[in-house]
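For reference, positions follow the sequence shown, starting with 1.
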Amino acid sequence: MPVFNMKNFLNMFYLDSNIPAYYYQNNKLSFAVPEQTDLTFPPEKYVKILSQNSGNISYCSTEYGMYFIRLVVNSSYEEFLIFGPICSVPLSTLNMHDLYADYVISEKNRDAFNSLFWSVPQLSLPAFLSKIIFLNYCLNLECCTVQDFLQIKEVEQNKNTTENVLQAKENFYHNKSYEVEQLISGYIKSGSPEKILSITLNESQLHTGILAPNALRQLKNNLIVATTVFTRASIEGGLDTDTAFRISDDFIQIAEQTPNADYLNELMGQIAYTFAAKVAEAQTPVSSDDIIRNAIRFIQQNTNRHITAAEVAKHAGFSRSYFSSYFKKELGFSIGEFITRCRLEEARYLLRYTSKSLSAISNYLCFCSQSHFQTAFKKQFGMTPLQYRRNPVQETEK
């Protein structure tokens, strides 16, 4: 009887579906179908999220709406497959920009990267699950349906909500979350992390209501709601949307994976502080000029492209010489200086939250060389990139 060959099996599946597949043994990637370089391997953060879930099939989504699915082989959690990513709508330029950021792809590597992902089919999550459910039966002889993973339960809300409101009034509870939300959001918008540290709350000051059937889930739900509010506040304070939503996504994923209530309580303060600190870093001298604000936004959203002062001026609708002078007069620094500053802020995030090499980060952020990146980073932050990666708190406290 022929011996089962996983690579042949996945090759046959890819010929039929065009869905990339990745085979892991002992929690390490053994091979990919189709053959590819590590540029397109699933980002480590999604592998970790998928590995937190039990059962033969689990899935997760990216912040920009794409999906990965993990399929455990023979009920061995050290042997599994990851499929994807799949998008439910056609890939757009914005989708590709999100993928470049998630996979940390430099300009020179984009053609190779695009060749794989432009061929990925458009699928809804139920359709994607259906294909993996079939493979699960082939490999594990387990019967299941899409409804097992996408169940929608009716919530009997009206009666319970009315009873809860009456009970709260009887107990003289007053939900002060709005007042606290406004206080913290104000500190985030103004970029005042030191004021976040001065806030102390206790049970007599805040009653948040019941949002879950148990204490741990309640804490996680509170944290998700707060993170959403803080994300909006940081954007209003001047933080670019890509960075704000990326920070939000990271914190929510950390919360979902955390079984410790004490750590979740600590994390709530860290989230508010982080957003306030990021706003402080991103703030520039106040300008009521819409043209300047548009130029700043353009620069912040294109740190991974080799943009020049001339391109920024063209985006703003002016000549390079005129707009360069106008920009510096309005803000006190040149367009080139601000481009470098934004790239270095992005570098700090990548150093802290990814395991990408200095060379990969330097290429992704379009520095002319790794040595130039290291020199510029040390000049800006007083330490080398590796020193920051080992101890990011040290720079924050300076």
Side-chain angles (χ1 to χ4, degrees), residues 38-39 43-46 48 63 100-107 109 188 191-194 196-197 227 230-231 234 237-254 257 263 266-267 269-284 296 299-307 333 336-398:
D38 59 0
L39 288 174
E44 186 178 341
K45 63 180 179 180
Y46 299 123
K48 288 181 178 178
E63 63 187 75
Y100 297 149
D102 222 4
Y103 284 75
V104 191
I105 303 299
S106 63
E107 279 191 290
N109 291 322
I188 291 173
S192 305
E194 70 287 345
I196 298 291
L197 298 177
T227 301
F230 298 162
T231 301
S234 69
L239 188 62
D240 70 278
T241 54
D242 288 346
T243 300
F245 283 114
R246 187 167 53 190
I247 293 172
S248 169
D249 184 61
D250 285 348
F251 273 123
I252 290 174
Q253 288 176 11
I254 291 170
Q257 296 170 28
Y263 181 70
E266 293 176 8
L267 190 63
Q270 292 177 21
I271 294 169
Y273 182 90
T274 299
F275 275 117
K278 293 300 289 184
V279 170
E281 292 169 5
Q283 280 179 340
T284 58
I296 288 172
I299 293 169
Q300 289 173 332
Q301 292 176 348
N302 287 279
T303 52
N304 63 334
R305 288 184 53 238
H306 185 65
I307 57 172
F333 44 77
E337 288 170 337
F338 187 64
I339 291 172
T340 299
R341 171 180 162 180
C342 289
R343 285 176 179 159
L344 291 172
E345 292 293 348
E346 179 79 357
R348 286 207 299 185
Y349 181 90
L350 294 172
L351 287 165
R352 187 166 188 174
Y353 296 107
T354 77
S355 58
K356 292 292 183 178
S357 67
L358 297 190
S359 176
I361 293 173
S362 174
N363 288 336
Y364 174 68
L365 296 174
C366 299
F367 284 92
C368 60
S369 67
Q370 184 177 325
S371 62
H372 177 227
F373 163 57
Q374 291 175 299
T375 300
F377 191 94
K378 186 171 184 179
K379 181 179 178 181
Q380 180 74 15
F381 302 119
M383 60 173 63
T384 66
L386 284 179
Q387 287 171 332
Y388 178 80
R389 170 167 273 170
R390 295 189 191 105
N391 188 10
V393 177
Q394 176 184 337
E395 192 277 335
T396 304
E397 295 175 343
K398 287 181 67 176

Could you pull out all residues at least two apart from [X] that satisfy side chain to side chain donor-acceptor pair (under 3.5 Å)?
X	value
Thr303	none
Lys48	Glu44
Ser357	none
Gln253	Asp249

Indicate yes or no: at least one non-hydrogen side-chain atom of Phe275 is less than 4.5 angstrom from one of Thr231.
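Result yes, sub-4.5 Å side-chain heavy-atom pair found.
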What I'd like to find out is whether the side chain of Arg389 reaches to under 4.5 Å of the side chain of Ile361, using heavy atoms alone.
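Yes, side chains in contact.
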Partners passing salt bridge (charged side-chain N to carboxylate O under 4.0 Å, His left out) against Asp102 (at least two apart in sequence or in another chain):
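Counting only residues at least two positions away or on another chain, Asp102 forms a salt bridge (charged side-chain N to carboxylate O under 4.0 Å, His left out) with Lys45.
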Under the salt bridge (charged side-chain N to carboxylate O under 4.0 Å, His left out) rule, collect the residues that match up with Lys356, sequence neighbours excluded.
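Result, salt bridge (charged side-chain N to carboxylate O under 4.0 Å, His left out) vs Lys356: none returned.
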Closest non-hydrogen atom pair between Ile307 and Ile339, with its separation:
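Smallest heavy-atom distance, with atoms named: O-CD1, 3.9 Å.
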Under the rule for ring-ring contact (aromatic ring centres under 6.0 Å, His included), what residues qualify as partners of Phe245, not counting sequence neighbours?
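Here no residue qualifies.
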Check ring-ring contact (aromatic ring centres under 6.0 Å, His included) between Phe367 and all other residues, then give those that pass, not counting sequence neighbours.
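For Phe367 the ring-ring contact (aromatic ring centres under 6.0 Å, His included) partners, ignoring immediate neighbours, are His372, Phe373.
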Partners meeting side chain to side chain contact (heavy atoms under 4.5 Å, CB included) with [X] (sequence neighbours left out):
X	value
Thr274	Ile247, Phe251, Lys278
Asn363	Ser106, Lys108, Ser359
Cys366	Glu107, His306, Arg343
Thr375	none

Test Tyr388 against Phe381 for side chain to side chain contact (heavy atoms under 4.5 Å, CB included), laying out the working first.
CA-CA 9 Å; Tyr388 178 80; Phe381 302 119; 5.9 Å; no
Please walk me through it: do Gln370 and Gln374 pass side chain to side chain contact (heavy atoms under 4.5 Å, CB included)?
CA-CA 6 Å; Gln370 184 177 325; Gln374 291 175 299; 4.0 Å; yes
